[in-house]
Each structure stands twice: as structure tokens, then as C-alpha cells.
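Down below is the structure, laid out as C-alpha cells.
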Protein chains: 2
Amino acid sequence: MFELRLVQGSLLKKVMEAIKDLVNDANFDCSTTGLSMQAMDSSHVALVAFLLRSEGFEHYRCDRNISMGINLANMAKMLKCAGNDDIVTVKADDGTDSVTFMFESPTQDKIADFEMKLMDIDSEHLGIPEAEYDAIVRMPSAEFARICKDLSSIGDTVVISVTKEGVKFSTRGDIGTANIVCRQNTSIDKPEEATIIEMKEMVSLTFALRYMNSFAKATPLASQVTISLSSDLPVVVEYKIAEMGYIRFYLAPKIEEEEAETHAETKSKSEAKPKRPKPEVKPEVQIHLEVEDSCMEPAVESKPPLDLDIKPKKETNGEVEVMDVE
Amino acid sequence: MFELRLVQGSLLKKVMEAIKDLVNDANFDCSTTGLSMQAMDSSHVALVAFLLRSEGFEHYRCDRNISMGINLANMAKMLKCAGNDDIVTVKADDGTDSVTFMFESPTQDKIADFEMKLMDIDSEHLGIPEAEYDAIVRMPSAEFARICKDLSSIGDTVVISVTKEGVKFSTRGDIGTANIVCRQNTSIDKPEEATIIEMKEMVSLTFALRYMNSFAKATPLASQVTISLSSDLPVVVEYKIAEMGYIRFYLAPKIEEEEAETHAETKSKSEAKPKRPKPEVKPEVQIHLEVEDSCMEPAVESKPPLDLDIKPKKETNGEVEVMDVE
DNA sequence: GCCTTTGCGA
DNA sequence: TCGCAAAGGC
């Protein structure tokens, strides 16, 4: 049987709110390591992964590794019924096809339990190799969210360009162009407002703002966000969950059109971005984070999917290996 | 070249929010006097004018008078990307067909620049003659906004009647009638809560609430609103912008039906309102603030447009005469 | 945490 | 165009 108890129940609610719009159904993997999930978004463009380590729970018991197939919208619905101060307990008995959520009000005056049917979901657990990134930007999560929201009122894609001095977010749309530069700043007294850039190579990559805005739903989980960029890898947008783990979003860069580069103000930096080198293809199953087909821009030629260097691991018998890279 | 810098950037945002629903496109006139705009609303029923005097800006430079054709919705979109505490810089080089907005966060850690295409807009600058008004009401802007909102849930038009004692806002609709009377009150200690009436003649005029509610979008700009009424003139609803200027809305009164007057509770006062005397027609272009054709009341016979005594001035070569009546 | 405001769907 | 739900401000 599997059981966990979390005093700060709002945390689970926030995790669900952050991913439910991106992923429809996913397997929640429960092991001695903790509770984790990994799933591609419904259009196979982005990948979401979170981990909540067992040590972070007030109580955690996992007799055997199990995998619970969950409809995220339904689970979010149920968790919405928990008060923000409620203590949440999640319980799944072996051999049943349902999971129970229990919400206890802080005063213990109100106790609710919700039972939800589980689903059978085909999915393989992907081992995502840790990579070296050309640039890692750490900045206030609220600022990142604001920038993505603002830019998406002008254009559909964002070019993220990193230099030693700062990070620039640019877009262009029918009504004009926009550039937002965030300077590096190590505010010691307010570390949550710091913007810190670790850079090996200058990098400039293009992403669909639509997905960035989805990722930014995780903002309530952490005051800072970490954006890891490399020319030939999907960007990683990570929110650390205090004391427990993280939620990470992966998104393949858009291949910039030649025409688009002509306009780019960061032209000189574009050499830092090699033209989409073919990644070494593993003979096993290929996992694709596909370049989004935008029905808004029928003129833009649809590009072949970007191969991702993600090695699939066959998940056998509910046995799960949780990747724990910190 | 033209450049202005405004520490209180939220002010420009508020001006845009106040007018963007009323006017689609308009010329922004930049002269040594300041930045001003004058435009009729898209259905030619109301007129909007604002002035921000050059002295009010932290920096103001205008080498030659220029007129920038702006799509207000787009400009509002861009200004929404400015933080409320941001310092805003607006820049337009001569001979370019675009304008740049720059937003600096208070800490200078974030600097954004937005470039917007300008448009070619035909419009003549109207000299609006200062008029003598029968009655001028000054009252808290929030109260005026609340009244217009409340009344529009009952009826479509408001009758504003001014006597020495106070101002009455009345409406009637299918579900009943409403009258809201605001007494004159000179609160010395809280001048922003005062309601002050300067009256030469009793006056009672009818306006479309729809427009009044649009005007009330300017409420965040000033704690007080001034409503100037005369029987044969458009009402002026003015919000002063502290230290800088004003935003003014003009709206032609509706011609009351005889039937409507029968119902009017202010019947005795209706003599103060001469039956729509034909204004002296200037031989130049006639500017009409047309009486709105309400598709809600097909039974009401559409009246001919009310001629307004507004003398158009041909705007020549970007030369602008800013009316500055305080 | 509540309330106003804004964006979206009917 | 109105009403509802999510989001931002006090």
C-alpha cells in the first residue's frame, strides 16, 4: 500500500494547477524515493516532470513501487476541494484501481475524503540525461512570468538571448517589436530578487510563448526560476519545490527561419547557435519534442521534429527509477 | 526628434485605458506645449481630448511639431507591458514611421523597449471654443462612476438635472425608475470628497449611459470629475491630470421625446431647457456629434444629428495649436 | 485573504 | 452583449 501525508496541502494543489493544462493523463510513480511524474504535453511538444521526495512528507509509506494512471484535470478538481491550510493524505491500496485523497482542516473540524478512479496509461519512463548547458539563468519567477505574458501580447515566439551582462527576451508581431533585458544582479539581501547568469557560451534560442506561459503557471511554487539553455537541447524551465524536489518543463527550441534571423537584432550572437546539428541518434525508441505546428502561421513551413537525446527506459512491473539530479 | 520621459509611467497607461475603448485611431500631436490628442469616438457621437503639458514631464524635447498616427489599442497593449512603477520614455525620430516606448524598472535591472508602427490618419484638429455653461458640477469621480454604472443596470439613458441644491441623475427602464441626488457639499477637510455646483441656469439634459460609462474609465486619473452642462452644448466631462493637464470627454445630449418629458419628474424645470435651438451654423465644415442610433429602441425615431458649434481648424504640416483653457 | 478587475465563453 | 471564472491589487 501507498500512503503519504502532507501538512502543506496547498503544495499539491499548486503542482496540479501548474501541469493540468499541459498534460491530460499521466502515471504518477510512487517509490521509496518519493512521488514523481513525467509526461509529455498533449501535443508532444513539451515535457513535464516533477519530483516530491519522500523526506519532504510528514508521513510517507510505499511498500512496493506503484504507478497510478491519473487524469490530471480530475485530480486537480478534487484537490481544489481542499482548503489551502488543509492537511492532505493520499492513499492507494494494492490491487485497487482507485486513489483516495483526504483533506483535514487545520482544526480537524472538517474531514473530507475523495476517491478517484485510476486509469491504465501506456507510457514509458524516460531517463533524462543530465546535460551541460551553455547558459543557466536564475531569475525571479514572477518576473519571468510577467515577461512571457507581456511578450505574448505582441508576438507568438520569444527569442531568449543570454550574454554575460544579462538575458534578453525579444519578440516581434504585427503591431511592432519588443525587447526586454534583465541585467545580472546579485542582490545579497534579497536573494529571491536576484538575477544570476552562469554562462559558458552565448546562446540565442526561440520558443513558443504559449508554452512558456503554461510553464509560468508553476510560479506560485517558487520565488525563483532556473532556465537552462543550450543550442541543441530543449530548454529546461525549473521551479524548485522547497525541501521536496522540483517541477521541470522541457521545450524544444523553434528552428528560426532564415528570414527571421535577418531581422534579429542579436544577429552577431547567432553564430553561437549552430544550425541544428543532428543529434546522435540512439537506436532505441526516439522521443520527440515536436516543433509545434502553429495553425496561426500556415505560411511557415512545418519543420521535422527535433530529436531529443532522451533515452527511454522500459518501465517494468511498476518498477520505477526516479531520476534525482540536484 | 521628439522625446519625453515620465517617471510616473502609470499615468500614460491610465490615459490609454481611458480612451482606447472609445477611439480606435488618432493623431497624437507633439508640440512645445506638450502632448495632446483630440479625436471623435468611432461612432462620431463623442469627442475625446487630452493634454499633457511639457512642464509635467521629467524630460521633454520636441524639435518640430509632429503628429503621430496611433492605433490606440496597440499603444495600450504596449503600455500594459510597463510596470506601474516604471519610468516611461517615448521617442520618435523625425522621418521614421514608428515610435519607441522604453520602460525602465525602478531598480534599472529590467529595461524594455517596444517599437510600434505609426499610421497615416486623416483628421483635422478642432478648435473647441470655450463656452459658458449653465451649470458646472464638480464631484468625486468614483461617485460619478458608481452612479453611471448603477443607473445603466436600470436604463440606457441618464437625465442629469442640476439645481442649486444638488445634481440629480435619473433613469427609467423596463423594471422601474431610479433617481440619485447628490447634494452640494463643500467638505473643506476632504476636498476630494466635495460636491460643488456652480449654476447660472437650471438645466436638465439626457445622455446615453453607455458613453458616460466609457468616460468613467478615466476615474483612476483624478479623484474629482467636472461635468459642465448647457442646454445647447455637448456636456463636458473632465478629469484633471495632476500637474500635467486634463482629459475631456464631450457628448451631445439626447433630444428628449415629448413622451419622455411627460414622464419626467423634473417637468417644472424643463422650461430651462429651450427646445433645441438651431445653433448658428458656421459656413465651414460642420462637426457633428451625432445622436446615437440605438438599435435597442427601434421605436424611437432617429433624430437628425445635433450640430455642434465646434470650429474646425485645418491642421497644416504637423502644426498644432493646443487649446489650453484652465 | 478578500475584492476588484480583466479575459473568455455563451 | 452579458455573465462567469481566473488573475492582479489592496
Proximity of A/F103 and A/F114 rings by center, below 6.0 Å = yes
When the aromatic ring centroids of B/Y239 and B/F144 are compared, is their separation below 6.0 Å?
-> no
Atom-to-atom span, [atom1] of [X] to [atom2] of [N] - whole angstrom:
| X | N | atom1 | atom2 | result |
| --- | --- | --- | --- | --- |
| A/D85 | C/dG1 | CG | P | 6 Å |
| A/K13 | D/dA6 | NZ | P | 12 Å |
| A/N213 | D/dG8 | CG | P | 10 Å |

Do other residues, nucleotides or ligands put more than 12 heavy atoms under 6.0 Å from B/K117 NZ?
-> no
B/E58 atom CD, over 12 foreign heavy atoms within 6.0 Å = yes
OP1 or OP2 of D/dT1 under 4.0 Å from side-chain N/O of B/R210 | yes
Produce the list of close N/O pairs, under 3.5 Å, pairing protein atoms with atoms of nucleotides 5-10 of chain C; give distances to one decimal.
unit_1 : atom_1 : unit_2 : atom_2 : d
C/dG7  : OP1    : B/K80  : NZ     : 3.0

When we call it a touch if two heavy atoms are under 4.0 Å apart, what does A/K217 touch: a base, just sugar-phosphate, or nothing?
-> sugar-phosphate
Which pair of non-hydrogen atoms, one from A/D86 and one from A/S105, has the smallest distance, and what is that distance?
-> OD1-CA, 3.3 Å
Can you label the angle between the A/F215 ring and the A/Y211 ring as parallel, tilted or perpendicular, going by 30° and 60°?
-> tilted
